[in-house]
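Since this is a predicted model, take the numbers as computed values, not measurements.
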Amino acid sequence: MSLRIRVHSGFIVGREDDVNLRFPILHTLVLPWVLNQKMTMYGPDILVRTLSLVTREDRYKNKWQYHSRSDHHSKVACWGIVFDLMRACPLLRKHVAGDLVFFGINHEMKDFVQDQKKDLDLVICTASSAATLSRSETFASLVQAYQIQLAPDEALELARLPELYRAPVGSVLMALEAKACMTAHQRALPRLYSELNSSHLTVHGASDQAIAAGFTMVNAASRYLSPDLNKRNRQNDPEWSDHRQPRDAQLAVDKMRQLPRRSRTGDAGYDALAIVVVDCTNDGSPVRLVETPPAPQPGEIYHYASMIDRLAHIYATRFKDFG
């Protein structure tokens with residue numbers, strides 16, 4: 001017996017049904033035990049590994065790892081969050097396997113209270129009854145679409161998870177919003193804060209029961225090659241942006257800590273927040289995950305693992321009677 005794995009130029013994709021068919025005992029008895037141990041969080045490593053590739057091209061034919069006018073980094077971050085959350089939350093896996101929940105991308109949510117609308121990066125949702133479910137796009141298929149780089153152990157865990165399908169959005173159960181602060185930290189903070197703050201207001205203005213999760217990537221590199229400053233001159237005369245580190249990254253982290261949070265429905269704020277700090281010069285060098293301060297430390301509420309644990313707990317309690 002063997003597990004079928006498909007390899008696509010540097011990353012691996014498998015299917016959960018392959019494991020079901022070929023390893024029914026493993027899937028039924030062993031997998032739930034494995035997934036519910038104190039697990040390794042893969043999202044941040046997947047993010048920096050994927051952003052280490054030079055894949056974003058601007059109108060001047062320059063290629064970048066990160067470009068502020070692309071949402072690639074946000075989509076990869078949200079993909080990693082859902083991947084870890086499915087691994088951490090048995091109830092979510094059950095709902096996915098039972099075709100009770102699906103996902104949507106760039107879903108427009110409307111704040112009923114303020115009569116405002118906003119596109120959210122990724123949502124976990126029910127399927128709209130007004131549209132036909134095609135099942136043509138899956139969560140696993142986004143690995144190829146977003147050029148996500150998975151290590152072999154990550155690919156195997158993805159293959160063991162039930163297939164999550166994209167569907168026209170009905171009711172939103174969870175909405176994810178991811179942003180980045182990569183350069184000109186102090187100048188960027190007011191807009192970054194405003195964009196993130198408006199997200200949880202929109203989510204809960206549309207549905208107070210929905211879970212609002214926020215994610216911010218903060219750059220701690222001492223220098224940075226900005227796409228905005230190097231449109232025509234990157235090859236011959238690149239203009240570098242110098243950062244005062246760790247001061248600049250600390251300013252961004254401190255500002256993100258000011259975002260409203262809530263511990264129960266009816267209040268205003270995010271249900272869960274994470275801040276991940278990276279070292280990205282954006283010149284083709286590998287992106288590195290920063291785990292020392294000003295990055296949140298294990299056990300702090302803004303640490304990535306704390307966010308996943310909190311989301312898993314909230315989902316398990318808030319939607320225990322769903323379906």
Quick one: side chain to side chain donor-acceptor pair (under 3.5 Å) partners of Asn197, sequence neighbours excluded? His200

Could I get the full list of side chain to side chain donor-acceptor pair (under 3.5 Å) partners for Glu300, not counting sequence neighbours? Arg257

Listing, residues 208-221 side-chain donor-acceptor contacts under 3.5 Å, not counting sequence neighbours, or none:
| residue | atom | partner | partner atom | Å |
| --- | --- | --- | --- | --- |
| Asp208 | OD1 | Arg262 | NH1 | 2.9 |
| Asp208 | OD1 | Gly266 | N | 3.3 |
| Asp208 | OD2 | Gly266 | N | 2.8 |
| Asn219 | OD1 | Ala221 | N | 3.1 |
| Asn219 | OD1 | Cys280 | N | 2.9 |
| Asn219 | ND2 | Met182 | O | 3.0 |
| Asn219 | ND2 | Cys280 | O | 2.9 |

Please work out whether the ring planes of Phe103 and Phe139 are parallel, tilted or perpendicular, with thresholds of 30° and 60°. perpendicular

Are the charged groups of Lys179 and Glu195 less than 4.0 angstrom apart, N to O? yes

Is the ring centre of His95 less than 6.0 Å from the ring centre of Phe319? no

Would you mind checking if Asp58 and Arg69 are paired as a salt bridge, meaning a charged N to carboxylate O distance below 4.0 Å? no

Donor-acceptor side-chain pairing of Asn282 and Trp64 below 3.5 angstrom: no

Looking only at the side chains, is there a donor atom on one of Tyr270 and Glu177 sitting less than 3.5 Å from an acceptor on the other? no

Closest contact, heavy atoms only, Pro162 versus Met86: O-CE, 3.7 Å

Can you confirm whether the side chains of His204 and Asp271 place a donor and an acceptor under 3.5 Å from each other? yes

Could Asp71 and Lys75 be called an ion pair, given the rule that one side-chain N must be under 4.0 Å from one carboxylate O? yes

Quick test of your reading of the model: are Asp99 and Arg135 salt-bridged, counting only N-O distances below 4.0 Å? yes

